[in-house]
Number of protein chains: 2
Amino acid sequence: MPTTTTESIYTNLITALEDRGLRKTAARAAVTSRIETTGKAFTAEQLCIDLPQVGRATVYRTIRHLVDAGALCKLQILDGAPMYSIARVEHHHHKICSRCGAVGEFQHSTVERVMRSLEKEIDGDIIGHRMEIFITCSQCIADSRTGESSVG
Amino acid sequence: MPTTTTESIYTNLITALEDRGLRKTAARAAVTSRIETTGKAFTAEQLCIDLPQVGRATVYRTIRHLVDAGALCKLQILDGAPMYSIARVEHHHHKICSRCGAVGEFQHSTVERVMRSLEKEIDGDIIGHRMEIFITCSQCIADSRTGESSVG
DNA sequence: ATGCTAATTGATATCAAGTATCAATACTGA
DNA sequence: TCAGTATTGATACTTGATATCAATTAGCAT
């Protein structure tokens, strides 16, 4: 489960796995460590490339465990493979730079309030919601002014 | 482009294609007609099965044209193939029954207002957003009470 | 109506993402 | 140590979707 602690991302991810009764192994350590050092959102395929010493199946399995544990968010950014970002806080939404792909989190109480008011209008029971905002991040705005690119 | 007219869905879809300079062909008529009669959200694969006389490539291509034209919405409902729903109004969000998969649209002015207020907090320029709410629709609630299922 | 030409089609091959299989290996607890 | 279970990873497979390209067709000009 996502927590906001002073622990390292690595420790949180490993703990998330152990809490599910999974062993701490070299492969899982490599995957979680890489997720920490990458820092930003990533695709499963990217992790496989970054960790040639870990089998594809294991990379995918570990990601799945982490998503199931709530330690990673799976993000479908239309077209292409889903991206995964570290879940830092319990409930949040994502802001995605459509230029460089950077993914950030945000929380906004009004969104939650909107959900409650929608409850009256919607025909059925609301069981969850998801929201993404697409942005051009300040870095990309700056880069476009100087003609650079920081994608990657 | 999505419009709220008294025209049939079929006519709107065909018009959307023609507006892009695409020809009206038997294959495209079959695809759009099927989308109309299906009525609800569908997957590309489902359309292929429903229309064995139309080639897979053509089904996928026609869907892509319709999405590009804004006549269909592509919905990533985590895991599995994307679903497509008919875009009836300009800007809207989706409500998805996680029991039966029915997809509906809704508009809510507060969501748009939230976006404007977020604009100040977010580091960068907001260029769009997406919101989905997951529900159990009233039909499924009713069915679960009588032990039935209306999936399909 | 006829023919021209570019758009379209669809069988097929291919690609890409992800999962299933399963023998080999690594832990863990007694 | 040993038995038993969890884990790994090479490989094959599945699924969703796109690329190729020869054959066909729509729409236009005449």
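As the structure is a prediction and not an experimental result, all values here were calculated from the model. Below, chains carry the letters A, B, ... as their sequence lines are ordered, and counting in each starts from 1.
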Does the side chain of Arg113(B) come under 3.5 Å of the side chain of Ser117(B) through a donor N or O and an acceptor N or O?
no
Arg28(B) side chain N/O closer than 4.0 Å to the phosphate oxygens (OP1, OP2) of dA7(C)?
no
Separation between CG (Asp143(A)) and CZ (Arg145(A)), nearest 0.5 Å, reads 10.0 Å
Nearest-Å distance for atom pair CE/C1', residues Met83(B) and dA17(D)
17 Å
Should His129(A) and Val114(A) be marked as a side-chain contact (heavy atoms from CB on, under 4.5 Å) after you check the CA-CA gap, both sets of side-chain angles, and the distance that decides it?
CA-CA 11 Å; His129(A) 65 278; Val114(A) 168; over 6 Å; no
In Å and rounded to the nearest 0.5 Å, what is the CD1 to CD1 distance from Ile35(A) to Ile9(A)?
9.5 Å
If you assign each of Ala44(B) and Arg23(A) to its closest nucleotide in DNA chain D, which residue comes earlier from the 5' end?
Arg23(A)
Verify, without hydrogens or angle tests, whether Gln76(B) (side chain) and Ile77(A) (backbone) share a donor-acceptor contact under 3.5 angstrom.
no
Note: for Lys24(B) and Arg61(B) on DNA chain D, the residue whose nearest nucleotide lies more 5' is Arg61(B)
Counting only distance, no hydrogens or angles, is the base of dA11(C) paired donor-acceptor with the side chain of Arg56(B) under 3.5 Å?
no
Would you kindly give the CD-to-P distance between Glu45(A) and dC15(C), to the nearest whole Å?
15 Å
Between the first and last five pairs of the helix from dA1(C)-dT30(D) to dA30(C)-dT1(D), the angle of the axes, rounded to 10 degrees:
30°
If you look at every strand shown and take non-hydrogen atoms under 4.0 Å, does Gln46(B) touch a base, only sugar-phosphate, or nothing?
nothing
Taking His94(B) for its side chain and Ile96(B) for its backbone only, find out whether a donor-acceptor pair lies under 3.5 Å.
no
Side-chain touch Arg28(B)/Glu18(B), heavy atoms, less than 4.5 angstrom
no
Rounded to the nearest 0.5 Å, the NZ atom of Lys95(A) sits from the NE2 atom of His108(A) at a distance of 12.5 Å
Of the options dG9(D), dT8(C), dT20(D), whose atoms approach the side-chain atoms of Thr25(B) most closely?
dT8(C)
Comparing His65(B) and Ala81(A) on DNA chain C - which has the more 5′ nearest nucleotide
His65(B)
Per Ala57(A) side chain, nearest of listed nucleotides dT7(D), dA10(D), dA11(C):
dA10(D)
What is the distance, to the nearest angstrom, from the CG atom on Leu47(A) to the C1' atom on dG9(D)?
16 Å
As a test of reading the structure: which of dT7(D), dG10(C), dT8(D) is closest to the side chain of Thr58(B), going by heavy atoms?
dG10(C)
Would you mind reading off the distance between Leu17(A) atom CG and dC27(C) atom C1', rounded to a whole angstrom?
16 Å
Examine dT18(D): is either OP1 or OP2 under 4.0 Å from a nitrogen or oxygen in the side chain of Tyr60(B)? Give yes or no.
no
In whole angstroms, the gap separating C1' of dT8(C) from CD1 of Ile63(B) amounts to 17 Å
Starting from C1' on dG16(D), measure out to CD1 on Ile49(B) and report it in whole angstrom.
12 Å
Rounded to the nearest angstrom, tell me the gap between atom OH in Tyr84(A) and atom P in dG18(C).
5 Å
For the pair made of CD in Glu18(B) and C1' in dT8(C), what is the distance, rounded to whole Å?
15 Å
